[in-house]
Amino acid sequence: MMERYEIRLSGSGGQGLILAGKILAEAAAIYEGRNAVQTQSYGPEARGGASKAEVVISDGEIDYPKALELDLLLSLTQESCRKYSGDLKKGGILIIDSGLVKDLPKGEFKVYSLPITEIATEKVGKAVVTNIVALGILTRIAGVISEESVKKAILARVPKGTEELNMKAFDEGFRAGNELLS
Amino acid sequence: MMERYEIRLSGSGGQGLILAGKILAEAAAIYEGRNAVQTQSYGPEARGGASKAEVVISDGEIDYPKALELDLLLSLTQESCRKYSGDLKKGGILIIDSGLVKDLPKGEFKVYSLPITEIATEKVGKAVVTNIVALGILTRIAGVISEESVKKAILARVPKGTEELNMKAFDEGFRAGNELLS
Amino acid sequence: MSNDHSGRIRMMQGNEACAEGALVAGCRFFAGYPITPSTEVAEHLSVKFPKIGGRFIQMEDEIAAMGAIIGASLTGMKSLTATSGPGFSLKQENIGYACMAEVPCVIINVMRGGPSTGMPTLPAQMDVQQARWGTHGDHGIIVLSASSAQESYEQTIRAFNLAEKYMTPVILLLDEIVGHTTEKVIIPDESKIEIVNRRKPAEKPKDYLPYRETEDCIPTLAPFGTGYRYNVTGLCHNETGFPTNDNKIIGKLVHRLVKKIVMHADDIIEVKKTMLDDAEIGIFAYGSVSRSARSAVLKCREMGIKAGLLEPKVLWPFPKKEVLAMARKVKAIIVPELNMGQMAREVELASRCAVPVHKLGRVDGNPIDPREIVDMIKGVV
Amino acid sequence: MSNDHSGRIRMMQGNEACAEGALVAGCRFFAGYPITPSTEVAEHLSVKFPKIGGRFIQMEDEIAAMGAIIGASLTGMKSLTATSGPGFSLKQENIGYACMAEVPCVIINVMRGGPSTGMPTLPAQMDVQQARWGTHGDHGIIVLSASSAQESYEQTIRAFNLAEKYMTPVILLLDEIVGHTTEKVIIPDESKIEIVNRRKPAEKPKDYLPYRETEDCIPTLAPFGTGYRYNVTGLCHNETGFPTNDNKIIGKLVHRLVKKIVMHADDIIEVKKTMLDDAEIGIFAYGSVSRSARSAVLKCREMGIKAGLLEPKVLWPFPKKEVLAMARKVKAIIVPELNMGQMAREVELASRCAVPVHKLGRVDGNPIDPREIVDMIKGVV
Amino acid sequence: MFNYLEYIREKNFPHIWCAGCGDGIVLKAILRAIEKSGISLDETVMVSGIGCSSRTPGYVDMNTLHTTHGRAIPFATGVKHGNPKLNVIVITGDGDATAIGGNHLIHAARRNIDITVLLYNNYIYGMTGGQCSPTTPTGSRAATAPFGNIEPPFNTSGLAIAAGASFVARADVYNVANCEKMIAMALAKKGFSLVEILTPCPTAFGRRNKMASPVKLMEWLRDNAVPAAKWKKMTEEERRGRMETGVLMDVDKPEYTAEYEKLVTSLRTGK
Amino acid sequence: MFNYLEYIREKNFPHIWCAGCGDGIVLKAILRAIEKSGISLDETVMVSGIGCSSRTPGYVDMNTLHTTHGRAIPFATGVKHGNPKLNVIVITGDGDATAIGGNHLIHAARRNIDITVLLYNNYIYGMTGGQCSPTTPTGSRAATAPFGNIEPPFNTSGLAIAAGASFVARADVYNVANCEKMIAMALAKKGFSLVEILTPCPTAFGRRNKMASPVKLMEWLRDNAVPAAKWKKMTEEERRGRMETGVLMDVDKPEYTAEYEKLVTSLRTGK
Amino acid sequence: MAEEQSASKKPAVIRIKLEWCKGCEICVAFCPKKVLVMEGGKAKVENPGDCIKCMLCELRCPDFAITVE
Amino acid sequence: MAEEQSASKKPAVIRIKLEWCKGCEICVAFCPKKVLVMEGGKAKVENPGDCIKCMLCELRCPDFAITVE
Ligand SMILES: Cc1ncc(C[n+]2csc(CCOP(=O)(O)OP(=O)(O)O)c2C)c(N)n1
Ligand SMILES: Cc1ncc(C[n+]2csc(CCOP(=O)(O)OP(=O)(O)O)c2C)c(N)n1
Ligand code: SF4
Ligand code: SF4
Ligand code: SF4
Ligand code: SF4
Ligand code: SF4
Ligand code: SF4
Ligand SMILES: [Mg+2]
Ligand SMILES: [Mg+2]
């Protein structure tokens with residue numbers, strides 16, 4: 001049984017990370033029958049500047065809904081990485097956009113640096129799916145939720161007509177993560 | 001030292017009894033240096049129907065400001081007499097308008113029945129001064145505040161130009177009270 | 001927009017769960033005015049209601065919204081509004097009207113921080129005393145609390161049930177964390193959900209007294225337009241609903257408004273106990289903080305400290321008996337809350353000096369970390 | 001209309017005495033909205049102010065009136081509003097603003113009965129908890145009480161002094177009996193009356209911080225238009241007055257708003273004791289009821305019963321120490337009040353289970369008769 | 001002969017209004033207008049705020065709702081939107097509707113929700129003893145304007161028109177026939193309708209302003225409330241200080257609850 | 001060259017408004033108008049309510065007062081009546097001024113108190129994420145009108161005129177020169193003045209209504225906000241869906257604080 | 001026809017409910033035929049024969065106190 | 001005169017404060033002379049020589065980010 005796995009997705013206001021957080025949570029809760037809670041930052045933060053979404057996944061009850069010690073942090077901007085990496089636990093996973101995050105936070109983390117935005121724009125061809133690319137990468141690297149569950153959750157959330165695009169984005173991300181690991 | 005003397009003036013909305021109450025209180029407090037509190041009924045009562053003003057006079061501190069056991073009740077209407085005579089104490093003074101109050105409340109009271117409104121209209125010539133006539137009667141019968149003090153208080157309260165009329169009203173009342181007593 | 005996966009499990013924000021709970025409870029009228037962090041309740045119902053013939057209206061302000069739900073409730077509609085601190089303050093006058101005229105309705109307040117505009121997007125539990133005393137004049141009131149999306153759903157249903165049963169406004173307090181956290185809600189079969197509807201008059205219109213004195217102190221208000229002609233007023237009134245100046249009747253009325261809640265306290269009050277049986281340290285916590293407290297209890301137990309948790313699901317009437325019972329068993333009580341001790345004072349009052357009561361207040365917009373509670377427990381032990 | 005007899009003794013209603021007290025305190029701005037039984041405060045000032053250049057304005061509602069006095073106070077004017085229950089409820093949001101932005105002003109609430117419209121012309125003391133908790137969010141507040149015209153006069157002056165000293169709204173609660181009873185007021189020589197004016201900044205505009213952290217927790221707000229340019233907001237803010245999302249600063253601010261009152265409680269609290277030294281029965285009473293209580297004490301003493309009276313002139317911060325001291329000396333405490341026990345619960349909390357606390361509540365619009373109190377005392381003895 | 005007793009709650013009489021208060025005159029006009037328009041008492045709800053005028057519902061035998069000061073219109077909005085089949089009449093005063101309740105008035109007008117607002121303009125706060133209201137004429141005395149009111153009054157009807165009301169009329173208690181007619185027209189209107197009824201308060205307004213008796217105030221109305229037809233022929237000079245009565249606005253526009261119903265239908269039927 | 005830095009609180013920049021939000025454009029027009037009208041920053045107070053627009057005062061270097069939602073005008077009334085020497089500017093949004101604050105707007109206009117209200121009409125509640133406001137056009141989508149708004153909007157300027165405002169103008173953020181001019185005229189006016197400034201919100205209004213980019217919204221203003229001179233020559237047909245800009249009302253009337261001062265003087269001098 | 005005529009010719013029955021009459025004098029002041037007078041603070045029918053049944057007194061009585069048949 | 005001429009002839013100095021520019025494109029879209037372009041999400045001066053100093057970009061920039069001298 002998995003006790004508690006804490007994920008934080010961070011970046012800037014318009015990057016769709018809140019949707020990504022919701023998808024992750026639904027993948028775990030609805031398609032894997034586990035528990036998941038998702039929270040996010042509101043307020044001026046949510047309007048430009050750094051923004052975050054958190055997902056806690058567990059096979060048991062989730063009492064405290066916010067992250068206490070992050071198992072995984074995704075950062076799509078330098079600012080968000082600086083601001084939100086404080087809670088990443090020793091040995092935790094840090095996934096960053098290699099094109100946008102240059103300064104790494106101090107600490108003992110497993111760092112995975114990939115050109116996430118670039119994958120979205122170049123390989124998938126649309127910047128708007130950066131969040132889904134990130135989900136693909138994260139799914140592979142974290143290894144706590146199955147590929148199928150996340151895909152189902154994506155399909156249930158994204159607007160009709162964009163399914164293919166989003167599946168492609170997820171797959172590209174997943175593949176990139178896979179390459180890095182293998 | 002006079003402990004506590006409770007007076008209630010009752011009648012109908014427009015009879016000027018609240019002003020009479022204020023005058024009595026000022027006579028005691030300002031012109032005789034005693035303590036006095038004056039309260040009155042508000043609400044629908046104050047708009048037609050029965051209305052009352054209470055004055056408590058004492059040489060000591062006046063704690064409870066409302067009447068508990070009336071020493072004196074003045075009633076200018078039948079309705080107000082019925083409604084407000086309950087608190088009149090045994091042996092208390094009841095002054096009524098003989099023209100308007102026909103049914104007397106049950107109890108052991110000293111009843112003084114005078115044609116108060118009639119004195120105002122006939123002898124003084126103005127119905128509006130009924131309250132001042134009543135004050136004259138009450139001053140004489142109660143005997144707790146001096147004639148001079150009440151007159152001073154009247155003069156300080158009534159509109160300019162009506163002083164003479166009001167003095168006349170007071171005197172007529174005082175005289176009527178005197179006649180009844182002697 | 002909505003995520004209608006078939007099946008009984010749904011992921012929802014607390015605010016959305018309130019809206020869904022309201023739908024199931026039979027609520028078909030919503031009037032509101034947007035305010036962070038409660039707005040999603042309205043937004044969700046603005047999508048749902050028109051589809052099923054329920055009535056949504058955005059009013060010009062919170063005062064009007066409160067007035068509108070009272071008016072709608074008198075036509076027989078179960079009615080809801082949702083707001084946050086500043087709007088809750090504005091609604092107080094009309095909440096008092098609903099108490100006085102005994103009109104059932106539900107008010108959700110998703111609490112944010114600070115007095116005044118404060119911290120619109122940050123969590124707090126600073127309106128718990130206001131929920132009891134916010135309107136002028138003596139009155140009784142029912143105030144519920146929820147600590148998860150699941151409870152938001154269930155407590156909204158319960159709020160409507162209590163409102164209809166006791167003919168009274170019911171307030172449901174969420175804090176921003178609960179309102180905005182998305183998590184699993186297990187939706188029971190509708191047939192398994194108890195729904196209470198207000199009493200209808202048994203007598204004919206001519207014999208009908210809306211505020212008839214009854215043993216249970218609960219009036220029976222016929223929906224407007226059903227042939228029962230009567231008067232509703234915020235003035236002190238008699239059994240017919242007409243204003244009175246008769247002191248005896250006034251006294252009875254005000255007494256009854258308070259008594260109506262007090263006499264049914266056992267039916268209304270609900271608490272959840274976690275490991276309290278053998279606890280030496282009792283924690284009293286509600287809303288999102290009770291989740292931190294539960295974590296803390298578990299951590300303490302791991303460390304061999306016998307901590308237990310009393311979670312009131314109903315804040316008012318205050319669960320005095322339950323607190324006293326706990327106070328008589330434990331060595332100390334800790335009250336963590338997102339305010340400066342508003343419920344701690346109630347715990348102190350209820351525990352009748354049986355044990356020391358320790359406050360753990362946080363007012364900086366951060367949630368209470370379970371570790372803080374653990375630390376305090378360690379300090380107390 | 002007014003009764004300007006020369007000399008120092010005047011007969012006045014409590015409401016009029018408030019108006020006169022305000023004038024002496026230096027109040028020069030009034031904004032209000034009529035409501036029974038407080039309207040005479042406004043009416044009196046509408047006559048007086050224009051004659052001396054003070055500014056009277058009748059606003060479109062109570063919310064606006066509260067807003068206007070805050071605005072005026074920021075220009076340096078001592079500002080007042082007066083209302084009763086329904087209006088007091090409406091003012092709550094902006095009272096919270098005044099707490100948050102720390103703008104001195106005085107709010108008089110002449111309490112009438114009932115929740116909602118209730119009993120507009122009958123006395124009650126049902127808003128004493130609302131005065132503490134009526135606005136959303138944690139905050140500190142000063143609430144005074146008066147039991148006679150004389151005290152109405154004096155307490156209005158004190159209200160302004162405390163508002164200016166502590167940069168906070170101060171609430172003065174009267175009940176309808178006090179507001180409407182005409183009695184003697186002895187007006188002291190103006191030179192003998194202590195008047196406090198808010199602090200002015202010592203520093204130059206460029207170094208000025210309106211909400212600078214100080215030991216006494218009191219900010220220094222320069223009147224608008226005097227060259228000190230700063231921002232005032234109801235959002236959580238930093239020392240400069242600008243909104244912040246920094247949790248540390250937010251936490252400090254909310255703490256300070258509460259602490260500002262608590263740390264100065266000894267300076268603020270005032271009680272009057274009557275025959276308490278050797279009392280076996282302690283009465284805790286305020287407003288018009290304290291007069292009934294005083295009568296009762298005297299009657300009891302005549303009968304050989306050692307009763308004594310503790311009269312809080314300040315209701316909030318609550319005189320905990322004084323109550324505890326009394327609780328430790330007497331055998332029982334009686335709390336007569338024109339509500340269902342709103343202050344009795346505070347007395348119970350403060351007396352820390354030292355003695356039984358008996359409530360004597362009346363909510364029917366009648367005053368409490370001294371004989372009722374005597375009867376209860378006899379019952380307790 | 002019109003039998004008022006069929007419409008009133010006789011046991012609540014005599015009513016609380018002062019001698020000569022026009023509120024009773026309006027009440028009677030309302031009852032006749034109700035009869036004329038044939039609406040059923042069981043399907044009609046009368047909602048009021050707080051004030052002398054707002055005591056009206058207490059005397060009428062139907063579902064009556066006496067709310068908080070200024071808030072009659074929001075409560076009424078809830079009643080109407082809650083059950084659009086009900087006829088909803090709002091009784092309000094100048095203070096209730098244009099001071100504390102001014103915002104609700106303009107918003108209900110904007111929404112064009114089908115309620116009939118009968119605004120008793122007595123130029124003062126009657127219930128609380130004669131303080132200024134937003135309709136107190138400049139220069140008039142009031143308990144809070146002891147030296148004469150320095151504020152200009154609202155043209156309430158004009159304001160309602162600007163806000164979007166579909167029917168607006170003015171009437172007065174001297175010209176009782178017109179009063180009844182305007183109310184009947186307002187009741188018949190589908191949409192937000194307002195009748196501003198001039199009924200100067202003898203006790204709190206007249207006395208302070210040299211019109212101490214009810215009869216004086218009726219004479220003042222007779223001489224100064226001018227039917228629309230006559231008004232049109234008057235010069236600016238002649239109009240000064242006078243009030244036009246009759247229909248001031250009457251247009252047909254989409255009504256709020258009907259529009260809502262349309263939305264519901266379209267979502268349900270996909271049309 | 002106009003140096004904005006002399007008027008702003010630079011340390012609070014960049015401001016919180018979204019990319020392309022017109023609020024910044026208005027702010028700049030205000031600063032230029034202030035300079036033009038020569039009023040002293042030390043004797044000027046800017047008061048706002050709550051909303052995106054109401055964040056404006058935070059950026060201006062003077063005494064600034066950010067109040068509660070909808071209540072800027074009453075606070076401002078207190079400031080002005082408290083010290084009539086101060087110039088008082090109110091910054092407010094369509095929700096702030098016409099929804100929750102509608103009553104205060106019409107009453108300040110009625111009193112004709114000398115404050116300048118700059119109402120940023122962005123057709124939506126921006127701050128709370130795009131719910132309907134009383135100016136949201138019928139049919140437009142909003143977070144609380146997912147199927148299109150069924151309510152008609154206010155003509156806010158028309159309402160202010162009906163309430164008694166002495167100066168009313170409309171401007172927009174495309175035509176920046178007119179915007180500056182209208183604000184300057186309003187500042188110069190002795191009496192209640194209102195400038196309704198059209199500044200559609202890209203984030204919460206535009207996106208939902210097929211005008212996703214700030215540029216699109218500016219183009220919409222360019223094509224639909226019509227200067228008075230041109231407006232006069234347009235047919236009813238051409239006017240539909242368009243907005244007249246420029247001065248809509250400009251009269252001289254007694255101003256509230258001046259009238260009060262007169263009363264004080266007359267009582268003191270007996271004249 | 002006959003009936004109509006008789007109806008209009010039937011002398012007016014003017015009733016005053018004294019308990020409800022508050023003596024405002026409105027009916028008296030505006031009766032075009034001076035049918036009514038005040039007495040003891042209440043309205044009183046003095047010249048019923050002159051009544052033309054214009055109904056104005058009834059319509060304007062604020063207290064539901066006067067009816068004309 | 002000479003000065004005026006030289007002032008108007010002086011080539012425009014267009015400054016963009018990149019930290020404040022939010023990239024809304026308004027300045028770019030409405031510059032009558034296409035002096036400005038977008039680059040990396042911010043405005044950029046591309047053809048300063050074409051600028052006629054109409055000031056519209058400065059007047060319309062919501063972010064106080066562009067100045068023309
Ligand atoms: C919130 C609130 N504020 C004030 C009052 C006091 N109040 C009662 S009636 C009234 C004014 C009534 O004036 P109007 O609406 O013109 O009615 P009228 O009595 O003149 O018919 C006021 C201010 C109240 N009941 N509630
Ligand atoms: C009493 C109260 N109700 C609601 C809110 C929430 N609220 C904040 S801003 C706002 C609306 C803002 O709209 P508008 O005035 O048009 O300003 P904008 O953000 O569009 O510029 C609302 C409803 C609040 N702060 N206070
Ligand atoms: S105070 Fe005026 S409005 Fe009220 S009942 Fe009397 S006359 Fe009528
Ligand atoms: S939400 Fe709209 S109004 Fe608010 S800052 Fe963004 S663009 Fe401007
Ligand atoms: S009906 Fe006409 S004529 Fe007859 S009494 Fe009445 S007012 Fe006079
Ligand atoms: S009008 Fe009516 S109340 Fe007035 S005097 Fe005539 S009968 Fe009496
Ligand atoms: S000043 Fe005019 S021409 Fe020059 S860059 Fe700006 S908008 Fe273009
Ligand atoms: S207008 Fe201003 S903020 Fe927008 S792109 Fe141009 S410089 Fe940047
Ligand atoms: Mg009125
Ligand atoms: Mg807006």
Side-chain angles (χ1 to χ4, degrees), chain C residues 1-2 13 15-16 19 30-68 80-91 110 112 114-121 176 179-180, chain F residues 16 48-52 54-55 57-58 65-75 93-106 124-136 138 140-154 156 159 201 204-205 208:
Chain C
M1 180 151 278
S2 84
Q13 266 197 346
N15 284 344
E16 189 182 341
F30 180 94
Y33 188 79
I35 184 165
T36 307
S38 75
T39 311
E40 293 85 0
V41 179
E43 290 178 357
H44 197 69
L45 289 172
S46 77
V47 176
K48 289 290 180 103
F49 266 170
K51 295 181 184 164
I52 58 165
R55 312 228 141 221
F56 175 90
I57 187 167
Q58 184 176 311
M59 295 297 287
E60 54 273 20
D61 64 17
E62 288 90 348
I63 299 173
M66 189 64 214
L80 173 70
T81 189
T83 190
S84 182
F88 195 52
S89 287
L90 289 172
K91 284 180 199 289
V110 187
R112 62 199 229 182
S116 195
T117 315
M119 311 174 259
T121 60
E176 187 271 346
H180 277 165
Chain F
I16 62 155
S48 71
I50 299 290
C52 294
S54 289
R55 286 301 193 96
L65 177 56
H66 180 233
T67 71
T68 45
H69 186 40
R71 317 304 174 187
I73 291 177
F75 279 71
D94 44 324
D96 200 59
T98 76
I100 191 167
N103 204 28
H104 311 304
L105 178 70
I106 58 178
I124 206 82
Y125 292 174
M127 184 61 113
T128 44
Q131 299 77 25
C132 262
S133 98
T135 64
T136 305
T138 311
S140 294
R141 276 160 206 266
T144 46
F147 312 109
N149 182 18
I150 64 169
E151 302 191 15
F154 271 140
T156 308
L159 191 67
C201 163
F205 178 74
R208 281 188 180 85

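Note on naming: letters A, B, ... go to the chains in the order of the sequence lines (proteins, then strands), and numbering restarts at 1 for each one.
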- Message: On a heavy-atom basis, which atom in A99(F) and which in Y33(C) lie closest, and how many Å separate them?
- Response: CB-OH, 3.6 Å
- Task: State, to 0.1 Å, how close S46(C) and A143(F) come at their nearest heavy-atom pair, and which atoms those are.
- Result: OG-O, 3.5 Å
- Task: Could you tell me which portion of T36(C) (side chain, backbone, both or neither) has an atom closer than 4.5 angstrom to a non-hydrogen atom of chain F?
- Result: both
- Query: Contact part of T98(F) toward chain C, heavy-atom cut-off under 4.5 Å: side chain, backbone, both or neither?
  - Reply: neither
- Message: Main chain of C132(F), side chain of Q58(C): is a donor-acceptor contact present, judged purely on distance under 3.5 Å?
- Response: yes
- Message: One pair to check against side-chain contact (heavy atoms from CB on, under 4.5 Å): I100(F) and E62(C). What are the steps and the verdict?
- Response: CA-CA 8 Å; I100(F) 191 167; E62(C) 288 90 348; 3.5 Å; yes
- Closest heavy-atom pair and its distance - F147(F), P50(C): CE1-CG, 3.9 Å
- To the nearest 0.5 Å, what is the distance between CZ (R71(F)) and CG (L90(C))? 5.5 Å
- Considering non-hydrogen atoms only, spot the tightest contact between P34(C) and T128(F) and give its length. CB-OG1, 4.1 Å
- Task: With a 4.5 angstrom heavy-atom cut-off, could you sort out which part of H66(F) is near chain C: side chain, backbone, both or neither?
- Result: neither
